[in-house]
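For reference, the structure discussed in these notes is given below.
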Amino acid sequence: MSSSSPVSAVGSEPTECRESVPKDVIHTNEHVLEIVSDSGEGAQKCGQIFAAVSAKMSYGVWTVEIIPAEIEPPARTPASASGNLIRFGRDRITNWGDEVKLVVAFNEQVLLSQHRLDALADDCIVLIESKWSTHSDEEICQQWKAAMEEIGESGYRIIPVPMEEECLRRVDDPRRGKNMFALGLLAQIYGLDLEKIREQIRAQFAKKAPEVSKSNCDLLELGVEWAEGNLDFRIEIPRIEVDEPRVVMNGNQAAALGAVASGMEFCAMYPITPATSVSHYLCEMFENYGGKVHQSEDEIAAAGVAIGASYAGKVALTVTSGPGLALKTEFIGLAIMTEIPLVVLDVQRGGPSTGLPTKVEQSDLLAALFGQPGDAPRVVMAPATIEECFHAMITARRIAKMFRCVVIVLSDANLGTGQQQFRRPALDERWHAAPPNHRAVGSDERPYDWDPETGLSQRIVPGQPGGMHTITGLNHDQDSQVDYGPEANQLGCNMRSRKLALLHETMSPPPIHGDDSGRLLVVGWGSTKGAIEEAVDRARADGHPVSSTHITFLSPLQPGLRDIFERFDHVMTVEINYSDDLDAPHITPENRRLGQLAFLLRAQTLVDVDCWTRVPGQPLRPGQIHDAIHTKLSSISEMETTPA
Amino acid sequence: MSSSSPVSAVGSEPTECRESVPKDVIHTNEHVLEIVSDSGEGAQKCGQIFAAVSAKMSYGVWTVEIIPAEIEPPARTPASASGNLIRFGRDRITNWGDEVKLVVAFNEQVLLSQHRLDALADDCIVLIESKWSTHSDEEICQQWKAAMEEIGESGYRIIPVPMEEECLRRVDDPRRGKNMFALGLLAQIYGLDLEKIREQIRAQFAKKAPEVSKSNCDLLELGVEWAEGNLDFRIEIPRIEVDEPRVVMNGNQAAALGAVASGMEFCAMYPITPATSVSHYLCEMFENYGGKVHQSEDEIAAAGVAIGASYAGKVALTVTSGPGLALKTEFIGLAIMTEIPLVVLDVQRGGPSTGLPTKVEQSDLLAALFGQPGDAPRVVMAPATIEECFHAMITARRIAKMFRCVVIVLSDANLGTGQQQFRRPALDERWHAAPPNHRAVGSDERPYDWDPETGLSQRIVPGQPGGMHTITGLNHDQDSQVDYGPEANQLGCNMRSRKLALLHETMSPPPIHGDDSGRLLVVGWGSTKGAIEEAVDRARADGHPVSSTHITFLSPLQPGLRDIFERFDHVMTVEINYSDDLDAPHITPENRRLGQLAFLLRAQTLVDVDCWTRVPGQPLRPGQIHDAIHTKLSSISEMETTPA
Amino acid sequence: MSDQLRSFFGCGLDDERTFDLDDYGDVVPRWCSGCGDHGVLNSVKRLMRDEQLLPERTVFVSGIGCSSRFPHYLNTYGFHGIHGRALPVATGIKLSRPDLHVFVVMGDGDCCSIGAGHWLHATRYNIDMTVLMLDNAIYGLTKNQTSPTTPMGYATNTQPKGSFLPALNPITTTLGVTNVSFVAQTADWVPAHLLATIRAAYRHSGFSFVRILQRCPKFTAPLFAEQARTPDLHEMLIHPNGVTVPGLDKIYKRSLEHDPADIDRARALSEESERVRLGVFYRNESQPRYDDIRHLPTHTAAQNIERLNVELDRYAV
Amino acid sequence: MSDQLRSFFGCGLDDERTFDLDDYGDVVPRWCSGCGDHGVLNSVKRLMRDEQLLPERTVFVSGIGCSSRFPHYLNTYGFHGIHGRALPVATGIKLSRPDLHVFVVMGDGDCCSIGAGHWLHATRYNIDMTVLMLDNAIYGLTKNQTSPTTPMGYATNTQPKGSFLPALNPITTTLGVTNVSFVAQTADWVPAHLLATIRAAYRHSGFSFVRILQRCPKFTAPLFAEQARTPDLHEMLIHPNGVTVPGLDKIYKRSLEHDPADIDRARALSEESERVRLGVFYRNESQPRYDDIRHLPTHTAAQNIERLNVELDRYAV
Ligand SMILES: Cc1ncc(C[n+]2csc(CCOP(=O)(O)OP(=O)(O)O)c2C)c(N)n1
Ligand SMILES: Cc1ncc(C[n+]2csc(CCOP(=O)(O)OP(=O)(O)O)c2C)c(N)n1
Ligand code: SF4
Ligand code: SF4
Ligand SMILES: [Mg+2]
Ligand SMILES: [Mg+2]
């Protein structure tokens, strides 16, 4: 539905009528909606409850936080937009999708912000607080008008909703309850389970006075009623009941819980967006499991404290993002050299430097692989889903311990703050830390008793009688004695590197999404998995022989890649990091700077891996990737048909 | 000459005789000698004077410092060995060669240390202080005996020299003058110009009382006389007079002088081996040129102070080695993001971590290229000779300034402490810094006025009226305003990367040493150039179609490499860093970790570049490389003849 | 004074320009309403107007944090760098360009936590710069984590049961550093005192460290609310060599004579007391200044080339 | 005390073992002859012998420098880490293993220059460990560069015309940090005092910081030579709560009563004086200890799994 004035009829009618109006039912398998307010007006909470409840109702869900880059940007400005995008539907949802189909906006400026990001569908339904259009402040009315003009070109169906006016019927300060009213609107539109919502509200406000829950539930009701009485549509999405137990959370929560489940007992950190919330979750609960979070004076100290804890017998965790990873560079080198187990969780954000602190990017890969001066073999792995954020921590700890090595886990802002549901993990005691080992060390045992075949050796930790030795970041021999000799240095390097080869042997090639061979293989890593697979599915539905594969272990790189690549005519990575576009000025195939995974794959497989990468500070959309696949396919055809 | 007892006849004769004994003349085009003493006994000074004088005599020279890893290791132990290796000869000398042909040792333990390094030729002539063999301390006699037994297997010609006994004829404390006596021995053996030596001695002791020079010259004379009267050989090496003006120095001196010549005016540093001496040289003289060296509280601050100075209008330098480079990681990212020119000189040592502080390695390459989280394009270059250490600083400053970028210069311990002579540089005023720019900034000018074609823009520095703006490590637009939007981030990344493509356009392919095509191309970078080319020359002399090329610019990578590589059947890098050996357990072509340049070249050219690398903490020898070439060639032939 | 020199010292030549408040910046800052940073910004602009600083000769250096956004809101040169590292950058700027007025703005996390090493050393270098530490006792920008100055027991996102340790006292710490030359404390809610203190700091020749107690209504409202309302919770340090604000004694009645030359007493007074003490704790202009010591005459390229050729002679063969 | 507890606290169970000096290490250290580090090593071994520390329950943590080679010469656990970062490592060790005796050995460059931020914060954390700062007023291992404690005017390789700034006073600096709990100064050339001071530090519950004036005949011989020869150039701080070495007053005749509870006087006394003051400047066992505050009971895996399942319920759909 589209009209020349973006403000459509329904909402402008008087709203006294409390009876139901007849509804068009929109049938669809999924929908993308956004709820967006000024920072501090609670759209985030509204979105979170919506997502949780739809997950509980067995819908597939994926949410993306809309966070302003400033602490308190001026109200009623595009910069102030805060809230949630929610994509939900019948099937499993793995990414934020392409277009927003419905928006609830608390003012026209935050609507503008979302409009300008070019993410609203042409026929997007917009429910917007109506009070601004007739505000007593002339400037505000002007702003409203200007905004409506700007978005006038689009075909949105704009439905003004007297949110505050309605809320005032129950509360004195409508600014504080509007979000629940909005939730009511949405509940009615999508037919959400009201009792489940009330439960969720009560849980949220459990620590506050009971009246708080009560008044929030009242406002919810009001929203439902208003929608019932005024909207001429509702949206119906089929559900498939799942009965396996499931949980819903974001990737940072999953990583924090994974750390606990893995048996880690120590985390040292320094706050940094978007990794800090991992620590917040841990700070709340880690002590209940005998675990400690230590906030250090800086990231260097955080790495050092974690290494000290690991040295003393733990497998410690340090959590950070780009700039913090940079500061840990030297200490990570020490851990590698001394073979002290350490897990580093890097929740990637936009870079370089301070970059885009709240936004997603996948551009710490090469720094994670090669950041340390000297030869410093380490394990690098990247979870691709929220569920994998949980399990990655368990795997990381196990590898760090068994291989006496550093494991860097690369998550990102999209995984860290996005919510998704997944199978409830079955916890396992075997993941847990063994109590500190106090057995006496035999006189034939040595601190680096490297098995010459594998490079593996057993850790001796303080407290073990007879095991006294001094570890050092200088080159050392099996007894941990400083040794500058040529053989000793070569041996140490061999042993530290050999462990990766051994780990490599235990790995399998990544599974292929789609056929095992074809014209184009798309390769990804990390949080882009869902979007890539969705794009590939669409391309395949278009009839193109396209498949994808997703790499979990970047160091050592999973096996079998060359074989896989050779079964496809072309290979292209899709990544959220920077690469030169070949058609940009001065860029040639020779000097082109490549996507980070593409660079790695080329060196390792010698296959001519192309890349399509972008750095928008946003997750990639399946539609974008789908387009990129099309472009790639046509350029291949062109090349093939053009006589050389 | 070899005898069953390593102690040959000559030296054991009584030494009263002051007349000349008849001499066998050994004719050779070059020789490698070592002078080695306990730390603190002055062998270093002796070696330095020898090298300087032979350079002045138009010999080609290359020296390598023998430095103990401890400040004051126990005397008369292998760990105490301190001194110089000198390779000199008729032609230009570019590396330390293969085998030591003559050693002057102040005791048998330091001789043992050199023997154990497996670097002495089978027929090496050894002049050794004789007093230990008959020392009153029984333990010492035993040690002497044990040592002689250990080296007995070799065919050295050992000539005991009563060094202290002789010195006592002129001085009271022979331990302090022995080095000049030894210098006299050598002067006589090699026919060095005594007047030039005396000049050098006088210059060395210019600040001391004149008697000091005098007594040193006396001891020199004594050494000459003793050799004249007792040795039955001398070594004659032809000379080719060069008349271009030349200088002799080590790479750290060259870099320091280069920094001054380049017009840099600011260096911030924190001490670290083996880079510190660059700063020592600068500290001595920089102020004479209006330049400042600032020793910071740590490497992070050093980077920050340098960036501050650059921001304010200079092009500043910071000097470091591996662990320090690690600490500068975050600040380098900021300089890249804000496009503040900065030159980072990394004098590489053995790694990872504290590693081998005094020893050479080339393993900071990947960290220099990829150390920063986020996409952080920077220039990386590597001088290959002492002369290039000088000129690299001038090039680095020019690039940093013109491209508003970070330039990392990778030297290493071999270049830094090795001495070589080279053409005296003709200094050029144009290299020099322009006085600070105080012109007013037009209202149409912007702090990041990127030329969209090239990414270049003009720097506006504090003091320029009308140019006020705030630079930031957050993503920013042309006005340096913070901008988190998708386009702004993509644009910034484009512009910073584009500059490298432009620089790339100005570059030429590296020259080829040997034929333009053939069976094997050896590729190197940095300090290994001389040894590689010498090895290639030998292989060519053996009749093998082998060439080499040496890469100066690692980022952007010099052009034309793929074309060059394709003209050879096989390509192999030779590097002093770690790679897995293919015949080691668990190592496969798929999981093999490669030499750092090899990795880079494969990704960039897709050519199957092999590598031969070692991490002995020593420079590579031409002989070793020659062997590696042979091995590679035979394995190629084998592969080709074995049916698949 | 020669033209060159005048221009060197930042007083424009043909400069008949005069600057009013807006010339020093007219952007609306992106801090929360009620945030103490607004007041500091105003005072700083006022100072610049009063002193008629040339905007192009003035540089504000900061780290990362809410407070470190400061330079963006001024029409001077600004360097919004990385977290904790403002002081090294400022050091490089001042050492290479003594003609610039250098101001540094840091948060409590920025300065006292990640930047602690630089803070200590910058104090010791005693380079001529004005340092404003905006202390809201919390990590603001990253949303509510404990900082070194968070009071013991105050709950945050990283120490939800209350901060574990007594708050670090930045005044005492600075006073412990050899070669310290100016240390003062003021509060965003006493604007007249704030301005007077910043002015004294600016006029001090050397490293002047000002801790500004700063309200953060977002995360530490309870810490400063009562304080800001109640003049009697303050104790003003007064002295002819400190800061004196005419008329302020009418409101802030509790005061203490303190001679800022007396470091022992300064240290004792800096310790926790019932009332918050505002004023100059210490001031000593006779401490050696590193930027002074390292000052060099300028050289021409030709002179340098000549000398360098002599230097090369030493290496000639 | 249960067996488990006894073993936890590092007193062996069936431990009839006794340890003599050699059991704590018998390697010949690789320091220059005459280096003050030798004497410190001897005193430390003596302390361990006197206290009969279990070698396997004792950890020495260091950075990089001549002094940081310390752990290699002892037969305990040792962590020879990276330059300037000994304190964070020690913090991690002690927080996760309260049963270990943790010693930290640092140089003046290690602690006061690159490690300054950690030094300040470790002082504030006040975790139970014994910290020996071997102050030779120079960078030894890297061969003669100025350190923060190099006296003004003393020439080095990086400041060949003499160090630019007055030496940092590490005692005063430490005393400026909130929650400081033990600060003492001693010298390698007064072995009895050295041992007594280290013992007091070891026995102090909390972070005990000992600055040890250390001779470096290689690079700073002139700085300490006269001092070491001349007892009258010292002034001993004495007090029942400080250290007292019977008989030492016969040689070191100049002394001063100082109650280490008095922080104001401690600060005043720590300032440069004609004579070098040795003794305990400050001691306060009632300061909160971070390791104490953060102490936790142990948990079994089964308990944890149970709780975590409850936690997961919160996220269940
Ligand atoms: C290296 C690094 N570590 C951490 C961060 C994240 N970070 C940004 S601001 C900040 C602390 C802010 O607190 P404060 O310095 O007190 O300033 P405020 O926001 O309170 O003004 C932190 C931890 C970062 N940007 N860089
Ligand atoms: C990150 C890093 N920076 C610099 C160095 C080089 N370095 C080693 S020891 C040292 C200083 C030694 O001085 P100090 O700490 O006083 O110890 P001392 O040798 O005097 O005992 C330095 C700068 C290093 N190893 N690592
Ligand atoms: S969070 Fe606090 S410090 Fe930051 S802008 Fe808001 S009130 Fe100010
Ligand atoms: S250089 Fe100095 S500190 Fe280092 S071992 Fe020698 S005397 Fe001791
Ligand atoms: Mg703060
Ligand atoms: Mg020292």
Side-chain angles (χ1 to χ4, degrees), chain A residues 52 55-56 58 245-249 253 257 260-261 263 265-266 268 285 287-290 292 294 296-298 300-314 316 330-331 334 421 424-425 427 429 432-433 435-436 438 462-474 482, chain D residues 7 10 12 54-62 64 69 71-97 99-100 117-118 120-122 290 294 296-305 307-309 311-317:
Chain A
K56 280 187 202 287
S58 289
R246 295 198 298 174
V247 287
V248 62
M249 62 183 74
Q253 288 167 318
L257 290 168
V260 177
E265 294 164 320
F266 201 94
M285 62 167 179
E287 293 203 342
N288 300 333
Y289 305 88
K292 284 176 195 160
H294 173 69
S296 293
E297 57 270 25
D298 61 19
I300 298 179
V305 172
I307 286 171
S310 277
Y311 163 75
K314 314 283 178 195
E330 191 193 10
F331 250 132
L334 177 74
Q421 76 272 64
R424 180 182 173 126
L427 307 176
E429 273 197 38
H432 265 255
H438 285 176
Q464 290 189 252
M468 290 81 72
H469 65 280
T470 290
I471 66 152
T472 172
L474 289 161
V482 175
Chain D
S7 117
L54 287 187
E56 68 266 21
R57 294 288 174 149
T58 308
V59 185
F60 278 79
V61 184
S62 67
I64 298 286
R69 289 300 179 100
H72 288 282
Y73 307 137
L74 287 170
N75 184 33
T76 64
Y77 282 90
F79 192 116
H80 178 212
I82 53 182
H83 188 41
R85 318 292 171 189
L87 289 167
V89 170
T91 299
I93 293 172
K94 189 71 186 175
L95 281 181
S96 64
R97 289 287 301 280
D99 59 313
L100 300 174
H118 309 306
L120 191 158
H121 283 279
Y290 183 76
R294 308 240 34 202
L296 290 176
T298 48
H299 291 239
T300 68
Q303 284 171 333
N304 281 347
I305 298 272
R307 286 208 182 160
L308 193 55
N309 266 319
E311 182 81 22
L312 277 178
D313 290 344
R314 284 183 48 202
Y315 299 89
V317 299

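Every chain is numbered from 1 and lettered A, B, ... according to where its sequence line falls, protein lines coming before strand lines. All values derive from a computational prediction rather than experimental measurement. These values consider heavy atoms only, across backbone and side chains, with no hydrogens, waters or symmetry-generated copies.
Considering CZ of D:R294 and NE2 of A:H294, their distance stands at 8.0 Å, rounded to 0.5 Å. Interatomic distance, D:T91 OG1 to A:E297 CD, rounded to the nearest 0.5 Å: 7.0 Å. Here the straight-line distance linking atom CE of A:M468 with atom CD of D:E56 works out to 6.0 Å at 0.5 Å rounding.
Nearest heavy-atom pair across D:H299 and A:N288 is CE1-O, 2.8 Å. Considering all non-hydrogen atoms of both residues, D:I93 and A:G308 come closest at CG1-O, 3.3 Å.
A:Q253 touches chain D through its side chain: at least one heavy atom from C-beta onward sits under 4.5 Å away, while N, CA, C and O do not. Looking at A:L334, only its side chain comes within 4.5 Å of chain D, counting heavy atoms on both sides. Proximity to chain D involves both the backbone and the side chain of A:A301, based on heavy atoms less than 4.5 angstrom apart. For chain D, the nearby parts of A:A261 are the backbone and the side chain; heavy atoms of each come within less than 4.5 Å. Residue A:P462 touches chain D through both its backbone and its side chain, counting heavy-atom pairs closer than 4.5 Å. With a 4.5 angstrom heavy-atom cutoff, A:R424 touches chain D only via side-chain atoms.
Between A:T472 and D:R69, every side-chain heavy-atom pair lies at or beyond the 4.5 Å cut-off. The closest side-chain heavy-atom distance from A:Y311 to D:V89 is not below 4.5 Å. Side chains of A:H438 and D:D99 form a contact here, defined as non-hydrogen atoms less than 4.5 Å apart. Residues A:I300 and D:H118 have side chains in contact (heavy-atom distance under 4.5 Å, counting atoms from C-beta outward). Looking at heavy atoms from C-beta onward, A:V260 lies out of side-chain contact with D:N304 at the 4.5 angstrom threshold.
With respect to chain D, the highest number of heavy-atom pairs below 4.5 Å among A:G467, A:A268, A:P245 belongs to A:G467. The candidate with the highest count of non-hydrogen atom pairs below 4.5 Å against chain D, out of A:A306, A:S310, A:G466, A:G304, is A:G304. Chain A forms the most heavy-atom pairs under 4.5 Å with one residue out of D:V59, D:I64, D:N309, and that residue is D:N309. Ranked by heavy-atom pairs under 4.5 Å with chain D, the first of A:P465, A:G473, A:A55 is A:P465.
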I would like to know whether D:T300 and A:E429 meet side chain to side chain contact (heavy atoms under 4.5 Å, CB included); could you show each step before the answer? CA-CA 10 Å; D:T300 68; A:E429 273 197 38; over 6 Å; no
